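Note that the structure is predicted; figures quoted are calculated from it, not measured.
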Amino acid sequence: MWRRTVRSVLWEAKVLRGLFSTAQLANSAQVTSARSCCGVSGKKWVRPSGFDTGVKTYNSLTKQKEPLILAREGVATWYSCGPTVYDHAHLGHACSYVRFDILQRILSRLFGITVIHAMVITDIDDKIIKRGWEENVSPTVIARMYEDEFKKDMLSLKVLPPAVYLRVTENVHHIVEFIKGIIGNGHAYATKEGDVYFDIQSIGDRYGRFAGAVDAQGEPGTSIKRDPRDFALWKQSKPQEPYWESPWGRGRPGWHIECSTIASCMFGSQLDIHSGGIDLAFPHHENEIAQSEAYHQCGQWAHYFLHSGHLHLKGSAEKMSKSLKNYITIKDFLQSYSANEFRMFCLLTKYRSAIDYSDSSMSEARTSLGTISTFIHDAEAYMKGQLQCSPVQEAFLWERLAEAKSSVVKALADDFDTPRAVNAAMNLVYHGNRQLQPVSTSDGVARSPAVFGAIVSYLRDLFLTLFLSLLSCHRVQQAEAVSSCGSLQGVVEQLTHFRSEVRAFALGHLDGPSTGSPKKRGLDPQRTRLLKACDTLRNDLVPLGVLIKDRGATSTWEITEGKQRGQRVHDKDQETSS
């Protein structure tokens, strides 16, 4: 019931767009100055009225956790700053987009909120123009090439696309009207050179929502600016630069105005959530607030600003960025690690925290995924009767499952605390593993497969909430293998069966007692060689992505995602022939 189709999301976006944007973009220039721009005094945040989601989130506007209250029941309008498409996307970008993708999944799949997400693509900018000159191609070619690459990178990272991507170049006519509205409301001015600047002094003490903004020197500009902090809404075009016609002459939009305009085109005068990296808080988001509230003549345009922490290369205090040339591209990263491993890496820290990237931190993420996946595989083997275990404390496991469910919901409702939620899930896995103690025979021992079925189902549902696909559970991987490699599943099944027959034959003729190693039991040399050959086959298949586990007299198998590749298998219950 909570999951909406893409069609329904787009329909809701269309409704909101019709309700909020058309009339305002057409009529804002006629709004009289008698209508106060300062619906609230100063920088005070006003708790919105509406639908309380039961979630608390850290709001950068207040620098503390606030109840997440939406204007519409069950619907969150969400705007995010997309990329400036002049180069490859890197892990710093990936970290921010994956983290906010996780937050949106939590809202939609756990708390039943339909998230209508719009993202802008900055496809005209000084850096894009410069790159076009360097490559001797049109800036449009540069922008389209890297926009396409960005979208492919997001899909490869399993980031759900927004309801709509909006390009700056396709909305310049809206931007011109938006600037005209700000000028008409007395909050911007044009120069004789053809530039338009936002007038910071016209909004008094309302500028400076984010720390450090008041004392900032502002962006570079001419001496014609009334205040050093004034920022460009429209920039006069220079020779050989792309341009659009406007009342102030040929030019192009400033950086900040694009987001205010496009968010308003989509959602009107009121926005629930605005997200972006912490480096965008000032001046970009600060200026967005100023110009949006000046245009709409409102006291609080966006109710919540969520900012993600920087990604650092371990040992460096500097964030990963293109300008510092200290980045790893997403494509290069995915040569060594999977999208699920990167997502787990992001889940292990709070979205607001800075995060250190290193091989050791990725190894931790890989190990966590492997632990969960191995438990699911073992639990399924137990449910099938392939893994013989001591009696299970069933009531204890039901209690741990209920405890985990409660802990996860509480953690995610508390500012999307994914590390605490993952820890609760890992604790459940730990207790489940402790109950799966293999024994050689279990005749007459009571079994408890239902509780393991409940735990496995819960873990799948939980990580389906956080991931686009299930964890590397062998059923999913088998299906993927069949679709990509034809009858691979059948081949592995037959190979495992043949190997099990050989092992059974080798172990079935013992001269001594039924305890101890094969050598001590008097196994003849020919059968010892057969067991060694079985072990060699099992170990040689691991790097190829096939994991065979010996369960006493039977064996199970799974096709892995690479987590075990290059490692030898040491099953806690396998027979040893050496």
Contacts of type salt bridge (Lys or Arg N to Asp or Glu O under 4.0 Å), residue R144, not counting sequence neighbours: D123, E147

Ion pair D414/K65, N-O distance below 4.0 Å: yes

Donor + acceptor pair across side chains of E288, H284 (<3.5 Å): yes

CA sep, side-chain torsions, deciding dist, call: Y295, F198, ring-ring contact (aromatic ring centres under 6.0 Å, His included): CA-CA 11 Å; Y295 174 85; F198 186 86; over 10 Å; no

Distance in Å, I273 CD1 paired with T57 OG1, rounded so as to fall on 0.5 Å steps: 7.0 Å

side-chain contact (heavy atoms from CB on, under 4.5 Å) involving E66 - partner list, sequence neighbours excluded: W45, N59, T62, Q64, Y304

Whether E193 side chain and Q236 backbone form a donor-acceptor pair below 3.5 Å: no

Side-chain touch S60/L306, heavy atoms, less than 4.5 angstrom: no

Flag side-chain contact, heavy atom, 4.5 Å: V422 against M426: yes

Between S202 and H187, a side-chain donor and acceptor under 3.5 Å: yes

Reported OG1-to-CZ distance for the pair T261 and F178, which is rounded to 0.5 angstrom: 4.5 Å

D417 side chain to L412 backbone, donor-acceptor under 3.5 Å: no

Side-chain touch H90/I330, heavy atoms, less than 4.5 angstrom: no

Qualifying residues under side-chain hydrogen bond (donor to acceptor under 3.5 Å, both in side chains), relative to S260, sequence neighbours excluded: Q291, S292

Any residue meeting salt bridge (Lys or Arg N to Asp or Glu O under 4.0 Å) with K405, in chain and number order, not counting sequence neighbours: none

N171 side chain to R167 backbone, donor-acceptor under 3.5 Å: yes

With sequence neighbours excluded, residues passing side-chain contact (heavy atoms from CB on, under 4.5 Å) with S407: E403, A424

Worked check of side chain to side chain contact (heavy atoms under 4.5 Å, CB included) between C259 and V120: CA-CA 7 Å; C259 286; V120 70; 3.9 Å; yes

Stepwise ring-ring contact (aromatic ring centres under 6.0 Å, His included) check, F333 with F342: CA-CA 9 Å; F333 169 83; F342 185 72; 5.2 Å; yes

Side chain to side chain, C346 and V98, heavy atoms closer than 4.5 Å: yes

Whether T465 side chain and D461 backbone form a donor-acceptor pair below 3.5 Å: yes

Pi-cation contact, Y243 with R252 (under 6.0 Å, within 45°): no

Main-chain N/O of E245 paired to R250 side chain as donor or acceptor, under 3.5 Å: no

Residue pair H93 / P83, side-chain heavy-atom distance below 4.5 Å: no

Given N287, I182, I262, V196, the one that forms side chain to side chain contact (heavy atoms under 4.5 Å, CB included) with I257: I182

Backbone N/O of I328 and side chain of Y357: donor-acceptor pair under 3.5 Å: no

Contacts of type side-chain hydrogen bond (donor to acceptor under 3.5 Å, both in side chains), residue Y58, not counting sequence neighbours: none

Exam field: side chain T191 to backbone D195, donor-acceptor pair closer than 3.5 Å: yes

Parallel, tilted or perpendicular: rings of H310 and H312 (30°, 60°): perpendicular

Main-chain N/O of H174 paired to E177 side chain as donor or acceptor, under 3.5 Å: no

Non-neighbouring partners of S358 that pass side-chain hydrogen bond (donor to acceptor under 3.5 Å, both in side chains), sequence neighbours left out: S360, S361

Any donor-acceptor pair under 3.5 Å from T53 side chain to L68 backbone: yes

Point-to-point distance, once rounded to the nearest 0.5 Å, from CD1 of I200 to CZ of F231: 5.0 Å

Geometric class of the F305/H274 ring pair [parallel <30°, tilted 30-60°, perpendicular >60°]: parallel

Those residues that, when tested against D101, pass salt bridge (Lys or Arg N to Asp or Glu O under 4.0 Å) (two or more places apart): R105, R343

D359-Y337 side chain donor-acceptor pair, cut-off 3.5 Å: yes

Residue list, side-chain contact (heavy atoms from CB on, under 4.5 Å) with T329, at least two apart or on another chain: H88, Y327, K331, D332

Check: K225 side chain, P228 main-chain N or O, donor-acceptor pair, under 3.5 Å: yes

Partners passing salt bridge (Lys or Arg N to Asp or Glu O under 4.0 Å) against K152 (at least two apart in sequence or in another chain): D148

Non-hydrogen side-chain atoms of T122 and V85 separated by less than 4.5 Å: no

Residues T77 and D272: side-chain donor-acceptor under 3.5 angstrom: yes

Distance-only side-chain donor-acceptor flag, W234 / S246, under 3.5 Å: yes

Heavy-atom pair with the smallest gap, counting every atom of P419 and K350: CG-N, 3.5 Å

Side-chain H-bond candidate by donor/acceptor type, S275 with H307, under 3.5 Å: no

Between OG on residue S96 and OH on residue Y351, distance to nearest 0.5 Å: 11.5 Å

Intermediate values then yes/no, side-chain hydrogen bond (donor to acceptor under 3.5 Å, both in side chains), H296 and E293: CA-CA 5 Å; H296 292 296; E293 293 180 357; over 6 Å; no

Flag if over 12 foreign heavy atoms under 6.0 Å of NZ, K151: yes

Minimum side-chain heavy-atom gap L107-F416 below 4.5 Å: yes

Partners passing side-chain contact (heavy atoms from CB on, under 4.5 Å) against D227 (at least two apart in sequence or in another chain): Q201, R229, D230

Salt bridge present between D415 and R352 (N-O < 4.0 angstrom): yes

Donor-acceptor side-chain pairing of T349 and R99 below 3.5 angstrom: yes

Residue pair F345 / L369, side-chain heavy-atom distance below 4.5 Å: no

Note: R209-E286 ion pair, threshold 4.0 Å (strictly below): no

With E364 via side-chain hydrogen bond (donor to acceptor under 3.5 Å, both in side chains) - residues at least two apart: none

